[in-house]
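Take a look at the structure below.
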Amino acid sequence: MTMQPVKRLGWIALLPLDVSLSLAIICLLTMISAAQIGGNLDKGRLAGFFDTASGARIGAMEGFAVTGEFVEPSSSLASMPASSDGFAYRYVGGRIDTSGTLRPGRPEFRLSLVPTTMTSGDGWTVIWSCGERRAPAGWTKLEPSFADNLEGILPYVCRNLPIE
């Protein structure tokens with residue numbers, strides 16, 4: 001009995017398997033990436049709040065430097081159109097509040113920026129605290145700040161950590 005040599009398949013026979021595996025890997029990575037898109041879009045929209053509120057923060061700090069009190073700046077949030085980003089803004093005794101929805105299907109959020117000043121009263125430097133962030137040693141928050149319905153996308157600077 002003679003043995004027949006095994007016929008070599010070559011790379012052409014493996015091409016359908018290679019393409020199928022590559023396609024499966026691409027589909028898997030696409031599904032993983034698609035799950036992250038909503039969170040990244042939410043973070044991007046939330047970053048817009050900090051940009052929009054920057055004028056009000058600067059105006060409030062200038063007022064604090066001159067008068068020693070936080071008064072509503074005349075050219076900040078009050079004159080901003082409410083529909084520019086879909087968020088509602090308010091200036092309340094130094095605190096800047098916003099609320100709105102980041103995308104359909106997500107609950108309405110609330111977030112505040114609160115001025116934090118030196119406890120000793122020296123100088124006019126202001127740190128803006130947001131969310132549940134604690135004030136650093138030697139500093140006092142004007143009032144408590146809040147962050148509601150922002151679990152998982154709250155920026156690091158707003159999380160419940162001491163400022164170092």
Side-chain angles (χ1 to χ4, degrees), residues 25-164:
I25 291 171
I26 290 170
C27 288
L28 179 67
L29 292 176
T30 301
M31 289 186 329
I32 292 170
S33 299
Q36 301 298 319
I37 289 173
N40 290 337
L41 290 174
D42 290 346
K43 287 180 182 181
R45 293 224 36 217
L46 191 59
F49 157 67
F50 294 102
D51 182 53
T52 302
S54 64
R57 290 184 302 177
I58 291 169
M61 288 187 295
E62 288 174 348
F64 178 67
V66 173
T67 66
E69 296 180 6
F70 289 97
V71 294
E72 181 172 3
S74 59
S75 63
S76 62
L77 299 175
S79 61
M80 192 185 82
S83 62
S84 64
D85 58 9
F87 300 158
Y89 294 91
R90 289 184 342 153
Y91 189 91
V92 182
R95 185 182 77 220
I96 302 169
D97 296 343
T98 188
S99 62
T101 55
L102 295 168
R103 61 185 153 103
R106 189 168 172 95
E108 183 171 312
F109 76 91
R110 294 184 334 127
L111 180 64
S112 66
L113 289 171
V114 175
T116 304
T117 59
M118 298 170 105
T119 304
S120 64
D122 297 334
W124 55 272
T125 303
V126 176
I127 297 173
W128 288 87
S129 302
C130 58
E132 299 299 319
R133 190 79 179 220
R134 296 185 300 249
W139 293 74
T140 304
K141 278 176 123 175
L142 183 68
E143 58 185 90
S145 56
F146 52 82
D148 300 330
N149 295 324
L150 291 171
E151 294 79 17
I153 64 165
L154 195 61
Y156 177 79
V157 297
C158 297
R159 295 180 190 159
N160 192 10
L161 302 167
I163 300 173
E164 298 178 16

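Please read these numbers as outputs of a predicted model, since none were measured by experiment. Heads up: numbering here begins at 1 and tracks the sequence.
Among all heavy-atom pairs drawn from Arg106 and Thr101, the shortest one is O-CG2, 3.9 Å. Between Lys141 and Arg133, the shortest heavy-atom distance links the atoms NZ-O, 2.7 Å. When every heavy atom of Ala147 is checked against every heavy atom of Gly131, the shortest pair comes out as CB-CA, 3.6 Å. Considering every non-hydrogen atom in both Ala53 and Leu113, the closest pair reads CB-CD1, 3.9 Å. The heavy-atom pair separating Arg57 from Phe50 by the smallest distance is NH2-O, 3.5 Å.
Atom CE in Met61 sits 11.0 Å away from atom CD1 in Ile127 (nearest 0.5 Å). Atom CD of Glu62 and atom OG1 of Thr67 lie 11.5 Å apart (nearest 0.5 Å).
Residues Leu41 and Arg103 are not in side-chain contact: their nearest non-hydrogen atoms beyond the backbone lie 4.5 Å or more apart. Contact annotation: the side chain of Cys158 never approaches that of Leu150 to less than 4.5 Å [non-hydrogen atoms, C-beta and beyond].
With sequence neighbours left out, Ser99 forms a side chain to side chain contact (heavy atoms under 4.5 Å, CB included) with Ala88, Glu108, Arg110. Qualifying side chain to side chain contact (heavy atoms under 4.5 Å, CB included) partners for Ser112, counting only residues two or more places apart in sequence or in other chains: Arg95, Asp97, Val114, Ser145, Phe146. In this structure, the side chain to side chain contact (heavy atoms under 4.5 Å, CB included) partners of Ile26, at least two apart in sequence or on a different chain, are Thr30. Every residue two or more places apart in sequence or in another chain that forms a side-chain hydrogen bond (donor to acceptor under 3.5 Å, both in side chains) with Thr119 is listed here: Thr140. Evaluation of the side chain to side chain contact (heavy atoms under 4.5 Å, CB included) rule for Thr98 yields Phe49, Phe87, Tyr89, Phe109, Leu111 as partners, not counting sequence neighbours.
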